[in-house]
Amino acid sequence: MAMPNISFLTLADLCDRWGVKPPHIGALALDQKLVLSIGLSGVRAEVGEWQKVDIDEWQRLPEGWQYLTGIFDLKRNDAWSIIKHGPRVIDSVMPVEPDGYIEIRRQEDLPEFVVAPDDLLIRREEVERFEANNAPAPRDVSAPSLSRGGPGAPPKYDWESFWIETCRRLHDDGPPSTQKEMVLNLLGWFDDKGAAVPDESTVKKKVSKLWKALGLASQSVA
């Protein structure tokens, strides 16, 4: 039986879709470029609105209590903290009205409301909005195309950026004490940028040629 069209993605779904790691999604949320959500079922909350009483002073005007059921958006700081630091107690979610508030109230006979990274959801419409606003610029068909050396899929690893980063490090910091140190540093660079990480032997083969060309072969290659 065909699955119905799912209206949201999990954090793992989105990481797979975009080929990034969870902290990158968290950073987008913290930068207010992507909204993350959670599912609630029968969670008791106080609802109301904020009223300005002075230049820098606001006060709550409670309107009553509700039992929340559905998908609700998280505040950006909560979304980031859950991804970065793990399960977190959530005491509020984003209201529909800009001046409103929704505060989750713990009931005496129930534990605090804790949200883990696996609980995070991203609305499909939010994913599609982000993708539409961040689509790559169309290729200039008038510009001469560069030969790729044959048909096939694009390279799995970003070797062009790899060599740029390698040259930058050698220029700014000089060569490390050993070839192995250079290999491990560059593997860490792949991981830090959220890109696919090649195996150590592949990077070592590439670095060893440069290492010899620079006359560093007499240094330790362990």
Side-chain angles (χ1 to χ4, degrees), residues 1-47 66-106 110-139 152-158 161-162 187-199:
M1 181 178 70
M3 288 290 292
N5 186 29
I6 302 299
S7 60
F8 57 84
L9 283 74
T10 65
L11 179 62
D13 291 335
L14 192 57
C15 287
D16 288 342
R17 181 182 178 111
W18 288 350
V20 299
K21 295 187 176 182
H24 293 86
I25 304 297
L28 289 174
L30 194 61
D31 202 25
Q32 294 184 298
K33 294 181 178 178
L34 189 72
V35 176
L36 274 59
S37 308
I38 53 172
L40 302 179
S41 179
V43 175
R44 187 170 182 258
E46 177 186 298
V47 299
Q66 290 183 6
Y67 285 88
L68 308 178
T69 296
I71 306 300
F72 291 82
D73 297 336
L74 283 171
K75 294 180 178 179
R76 58 175 177 166
N77 291 337
D78 288 334
W80 166 256
S81 295
I82 292 165
I83 291 176
K84 186 67 175 177
H85 304 296
R88 174 183 174 89
V89 174
I90 298 298
D91 58 14
S92 63
V93 291
M94 292 295 293
V96 176
E97 300 298 330
D99 292 335
Y101 70 86
I102 302 176
E103 294 197 354
I104 296 172
R105 299 298 189 186
R106 178 187 176 188
L110 294 175
E112 292 180 305
F113 186 73
V114 177
V115 178
D118 287 346
D119 299 323
L120 296 175
L121 303 172
I122 307 92
R123 302 174 193 269
R124 182 173 292 277
E125 61 188 28
E126 175 69 0
V127 173
E128 293 172 350
R129 178 201 62 78
F130 180 89
E131 291 175 342
N133 291 337
N134 294 274
R139 184 174 66 88
K156 181 177 180 181
Y157 307 113
D158 188 358
S161 296
F162 165 84
L187 285 169
W189 169 80
F190 273 108
D191 188 51
D192 289 343
K193 72 193 291 284
V197 181
D199 60 83

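All residue numbers in this chain count up from 1 along the given sequence.
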**Q** Can you list the residues that meet the salt bridge (charged side-chain N to carboxylate O under 4.0 Å, His left out) rule with Glu103, with sequence neighbours excluded?
**A** Arg60, Arg105
**Q** Looking at Asp119 and Ala116, would you say the former's side chain and the latter's main chain have a donor-acceptor pair under 3.5 Å?
**A** yes
**Q** Whether the side chain of Arg124 engages the backbone of Ser7 through a donor-acceptor N/O pair (distance < 3.5 Å, no angle test) should be reported.
**A** no
**Q** To the nearest 0.5 angstrom, please state how far the CH2 atom of Trp80 sits from the CG atom of Leu28.
**A** 10.0 Å
**Q** Nearest 0.5 Å, what's the CG-CZ distance between Leu187 and Phe162?
**A** 8.5 Å
**Q** Distance from Ile25 atom CD1 to Lys33 atom NZ, nearest 0.5 Å?
**A** 12.5 Å
**Q** Ile122 vs Asp13, test: side-chain contact (heavy atoms from CB on, under 4.5 Å). Steps then yes/no.
**A** CA-CA 9 Å; Ile122 307 92; Asp13 291 335; over 6 Å; no
**Q** Please round to the nearest 0.5 Å and tell me the distance separating atom CG of Leu30 and atom NZ of Lys84.
**A** 11.0 Å
**Q** If I compare all heavy atoms of Ile71 with all of Arg123, which pair ends up nearest, and what's the gap?
**A** O-NH2, 3.0 Å
**Q** Calculate, to the nearest 0.5 Å, the distance between atoms OG1 and CG belonging to Thr69 and Leu40 respectively.
**A** 7.5 Å
**Q** Taking Arg17 for its side chain and Leu9 for its backbone only, find out whether a donor-acceptor pair lies under 3.5 Å.
**A** no
**Q** Could you grab the distance from atom CG of Leu14 to atom CG of Leu120, nearest 0.5 Å is fine?
**A** 10.5 Å
**Q** Out of the candidates Ile83, Asn77, Asp78, only one should pair with Arg88 under the side chain to side chain contact (heavy atoms under 4.5 Å, CB included) rule; please name it.
**A** Asp78
**Q** Taking the side chain as everything from C-beta on, heavy atoms only, tell me whether Ile104 gets closer than 4.5 Å to Phe72.
**A** no
**Q** Which heavy-atom pair separates Ala79 from Ala29 by the least distance, and what is that distance?
**A** CB-CB, 4.0 Å
**Q** Step by step, work out the side-chain contact (heavy atoms from CB on, under 4.5 Å) result for Phe113 and Ile38.
**A** CA-CA 11 Å; Phe113 186 73; Ile38 53 172; 3.7 Å; yes
**Q** Check whether any side-chain N or O of Asp31 sits under 3.5 Å from a backbone N or O of Ala27 as a donor-acceptor pair, and report yes or no.
**A** no
**Q** Please examine the side chains of Glu126 and Phe8, heavy atoms only from C-beta on, and report whether any two atoms are closer than 4.5 Å.
**A** no
